[in-house]
Asker: 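Can you keep this structure in mind? I'll have questions shortly.
Below, all heavy atoms of this structure are taken into account, side chains as well, without hydrogens, waters or symmetry copies. These numbers come from a predicted model, not from an experiment.
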Amino acid sequence: GDWSSDVCSSDLEVLFILNNIFLKLYLIDLDYNALIYKVISNLKKLQNMKYSGFKVLWEGLRGNTGWKALWRNPDPKKSYDIIIVGGGGHGLATAYYLAEKFNINNIAVVEKGWLGSGNIGRNTTIIRSNYLLPQNQPFYEFSLKLWENLEQELNYNSMVSQRGVLNIFHSDSQRDAFVRRGNAMLMSGADASILGLDALKKLVPFLDFQNSRFPIKGGLWQPRGGTVRHDAVAWGYAKEADSRGVDIIENCEVTNFLVKNGRCYGVETTKGIIKSKKVGVCVAGSSSQVMGKIGINLPIESHVLQAFVSEGLKPLIPGVITFGAGHFYVSQSNKGGLVFGGDIDGYNSYAQRGNLPVIEDVCGGGVALMPMIGRARLLRAWGGIMDMSMDGSPIIDKTEIKNLYFNGGWCYGGFKATPASGFCYAHLLATGKPHKDAKDFLFNRFEKGRRSEEHTSELPVTDVSRMPSSA
């Protein structure tokens, strides 16, 4: 037919294959020639279509010749409307939401390494919104809601798996604290329930319920929590930001900021000077180093947080489990490895590696909770640099220098906060005003005594009878 001149030879081979498939299925009563004609007549749309099961099948038939790079590799322009310093999850999410929600496309994301080389590819992949304080809980619930629709929004398989997060408690006082936390979660619209021993033994029968030193009393359960493929989050945000005109510039380290009369108007990089109307910094554990280039001292310390993965095991861990008598949390990857971590190393460091005492402490906590993993082999370990704020809560705010903005101080909450952090930072950069769910994450809270002490702040205990429970 006249459509044959519009397709390449590989497409004609696909036509031949599809034709044979229909013949072999004996679909005599089906006008498969008309069906194939319809497919081929829309071939250009098929070649440019987004990811789907049909796209995978189509490319398999065509020898996988139609896949394209997820993002471009552009040279930096002389100037942009906004420069995002840091190409991790938060920086890429910020660029995406600026383009998607605020129609700002003249953006550069500058990353000193390659995408996924920082904390976005070095965490234990957990997402949750089981926070206590009213300054934090709504923000992380907003983030969890963004996670739930992220794969559809980005059209990218980031493997969001809402298998649940279980926090074990070991004493009556810890139970009361978890009931209080669960009530705070419910008040913000999140999900939470207290599991008694019977429900716990049914859900996680492999825990050491006979441990008299750390007796298991029950757990706080958030079914909507879970895990996400960390580096796929960066790739998905990068793909969609790039498709909206954002320039993602890898291997481009910021060496200084351009400031005149108290106003930031660009950055000096290893690829030259790049000017912009606004500059947003979000570089996680490197925050103090980067902001130090412009003379800003942050209320942040950098520590290494180690993570570990075991050899592959048969399916065992139903979701995410945390040990209430020590700092240990664990989930199981799709490859079967136990992915776990614990506390930060106690000294300041910018190294992406840790020391043996923390490994011993984390593994000891894991064996105390579930002795059966004691014979599992540790496959590998790595470290991410945590930007630890003085009150355990993040900072999303303007700086004392006009047109220079900062996002950091995420402590343990950086990965799970990725979507909300990017959304709220984009809102601040676009409007100049903090988002309603990030209005408490400002620098001046330290000056005015309004710190968000998530780990130490005391609130009135909520009525335990309002907390849903399961025996």
Asker: Do Gln222 and Ser129 come close enough that some side-chain heavy atom pair is under 4.5 Å?
Answerer: yes
Asker: Please examine the side chains of Gln352 and Ile385, heavy atoms only from C-beta on, and report whether any two atoms are closer than 4.5 Å.
Answerer: yes
Asker: Quick one: does Ser302's side chain have a donor or acceptor within less than 3.5 Å of a partner on Gly285's backbone?
Answerer: yes
Asker: Within the supplied structure, the quantity of interest is the number of heavy atoms (other residues, nucleotides, ligands) at a distance under 6.0 Å from Lys77 NZ; does it exceed 12?
Answerer: yes
Asker: I need the minimum non-hydrogen distance between Arg72 and Asp247, along with the two atoms involved.
Answerer: NH2-OD1, 3.0 Å
Asker: Working to the nearest 0.5 angstrom, can you tell me the gap between Asn155 CG and Ser52 OG?
Answerer: 7.5 Å
Asker: Could you tell me if the ring centre of Tyr96 sits under 6.0 Å from that of Trp71?
Answerer: no
Asker: Would you call Trp67 and Lys55 a side-chain contact if the rule is heavy atoms closer than 4.5 Å?
Answerer: yes
Asker: Do the side chains of Val254 and Val283 get nearer than 4.5 Å, heavy atoms only?
Answerer: no
Asker: Considering all heavy atoms of both residues, which atom of Phe443 and which atom of Pro299 are nearest to each other, and what is their separation?
Answerer: CE2-CD, 4.3 Å
Asker: Which is it for Asp345 and Gln306 under the side chain to side chain donor-acceptor pair (under 3.5 Å) test, yes or no, and what are the steps along the way?
Answerer: CA-CA 8 Å; Asp345 285 52; Gln306 298 189 64; 3.1 Å; yes
Asker: Set out, in order, the CA-CA distance, both residues' side-chain angles and the distance that settles side chain to side chain contact (heavy atoms under 4.5 Å, CB included) for Thr94 and Ile82, then state yes or no.
Answerer: CA-CA 11 Å; Thr94 300; Ile82 298 176; over 6 Å; no
Asker: Counting only heavy atoms not in Lys112 (residues, nucleotides, ligands), do more than 12 fall under 6.0 Å from its NZ?
Answerer: no
Asker: CG/Asn403 to NZ/Lys398 distance, rounded to the nearest 0.5 angstrom?
Answerer: 9.5 Å
Asker: Just how far is it from atom CD1 of Ile168 to atom CG of Leu195, taken to the nearest 0.5 Å?
Answerer: 8.0 Å
Asker: Hey, does the side chain of Trp221 reach the backbone of Gly164 with a donor-acceptor pair shorter than 3.5 angstrom?
Answerer: no
Asker: Are the side chains of Pro318 and Val204 in contact, using a 4.5 Å heavy-atom criterion?
Answerer: yes
Asker: Kindly check if the number of other-residue, nucleotide or ligand heavy atoms within 6.0 Å of NZ (Lys275) is above 12?
Answerer: no
Asker: Is there a donor-acceptor pair under 3.5 Å between the side chain of Arg122 and the backbone N or O of Trp382?
Answerer: no
Asker: Checking Glu111 side chain against Gly113 main chain: does a donor-acceptor pair fall under 3.5 Å?
Answerer: yes
Asker: Starting at CG of Leu298, measure out to OG of Ser287 and round the result to the nearest 0.5 Å.
Answerer: 6.5 Å
Asker: Do other residues, nucleotides or ligands put more than 12 heavy atoms under 6.0 Å from Arg353 CZ?
Answerer: no
Asker: Indicate whether any N or O donor in one side chain lies under 3.5 Å from an N or O acceptor in the other, for Glu59 and Asn64.
Answerer: no
Asker: Provide the closest heavy-atom pair for Leu305 versus Gly342 in the form atom of the first, atom of the second, distance.
Answerer: CD1-O, 3.4 Å
Asker: Just do the side chain to side chain contact (heavy atoms under 4.5 Å, CB included) check on Tyr156 and Leu70 with the steps written out, would you?
Answerer: CA-CA 10 Å; Tyr156 198 79; Leu70 293 185; 3.6 Å; yes
Asker: What verdict does the side chain to side chain contact (heavy atoms under 4.5 Å, CB included) test give for Tyr97 and His427, after you've listed the backbone C-alpha separation in whole Å, the side-chain angles of each residue and the deciding distance to 0.1 Å?
Answerer: CA-CA 8 Å; Tyr97 289 118; His427 183 278; over 6 Å; no
Asker: Any chance you could measure His435, atom NE2, to Leu428, atom CG, to the nearest 0.5 Å?
Answerer: 11.0 Å
Asker: Could you check whether any side-chain N or O of Glu151 sits under 3.5 Å from a backbone N or O of Met159, counting only pairs where one atom can act as donor and the other as acceptor?
Answerer: yes
Asker: Is the side chain of Gln162 donor-acceptor paired with the backbone N or O of Gly226 at a distance under 3.5 Å, no angle test?
Answerer: no
Asker: Under 3.5 Å, side chain of His303 to main-chain N/O of Tyr347, donor-acceptor pair present?
Answerer: yes
Asker: Are the side chains of Glu301 and Met390 in touch, meaning some heavy atoms are under 4.5 Å apart?
Answerer: yes
Asker: Strictly by side-chain hydrogen bond (donor to acceptor under 3.5 Å, both in side chains), give each pair with a member in residues 329-342 just once, sequence neighbours left out.
Answerer: none
Asker: Step by step, work out the side chain to side chain contact (heavy atoms under 4.5 Å, CB included) result for Phe102 and Leu429.
Answerer: CA-CA 10 Å; Phe102 299 97; Leu429 285 164; over 6 Å; no
Asker: Classify the angle between the aromatic ring planes of Phe340 and Phe328 as parallel (below 30°), tilted (30 to 60°) or perpendicular (above 60°).
Answerer: tilted
Asker: So, taking the atom named CZ in Arg263 and the one named NZ in Lys277, what distance separates them when rounded to the nearest 0.5 Å?
Answerer: 11.0 Å
Asker: Measure across Lys293 and Thr255 and return the closest heavy-atom pair with its distance rounded to 0.1 Å.
Answerer: CD-O, 3.5 Å
Asker: Just by modelled atom types, is the Leu338 backbone N or O under 3.5 Å from a matching donor or acceptor in the Ser310 side chain?
Answerer: yes
Asker: With sequence neighbours left out, what residues match Tyr405 under side-chain hydrogen bond (donor to acceptor under 3.5 Å, both in side chains)?
Answerer: none
Asker: Ignoring hydrogens and angles, tell me if any N or O in the side chain of Glu250 forms a donor-acceptor pair with the backbone of Asn73 under 3.5 Å.
Answerer: no
Asker: With a 4.5 Å heavy-atom cut-off, do Met185 and Arg128 have their side chains touching?
Answerer: no
Asker: Do Tyr350 and Ser288 make a side-chain contact, defined as non-hydrogen atoms from C-beta onward lying under 4.5 Å apart?
Answerer: yes
Asker: Classify the ring geometry of Phe415 against Trp147: parallel below 30°, tilted from 30° to 60°, perpendicular beyond 60°.
Answerer: tilted
Asker: Nearest heavy-atom pair of Ile274 and Pro76: which atoms, and what distance?
Answerer: CD1-CB, 3.6 Å
Asker: Backbone N or O of His90 within a donor-acceptor pair of the Ser421 side chain at under 3.5 Å?
Answerer: no
Asker: Looking only at heavy atoms, which two atoms of Thr124 and Ala307 are closest? And how far apart?
Answerer: CG2-CB, 3.6 Å
Asker: Are Tyr412 and Asp343 linked by a side-chain donor-acceptor pair shorter than 3.5 Å?
Answerer: yes
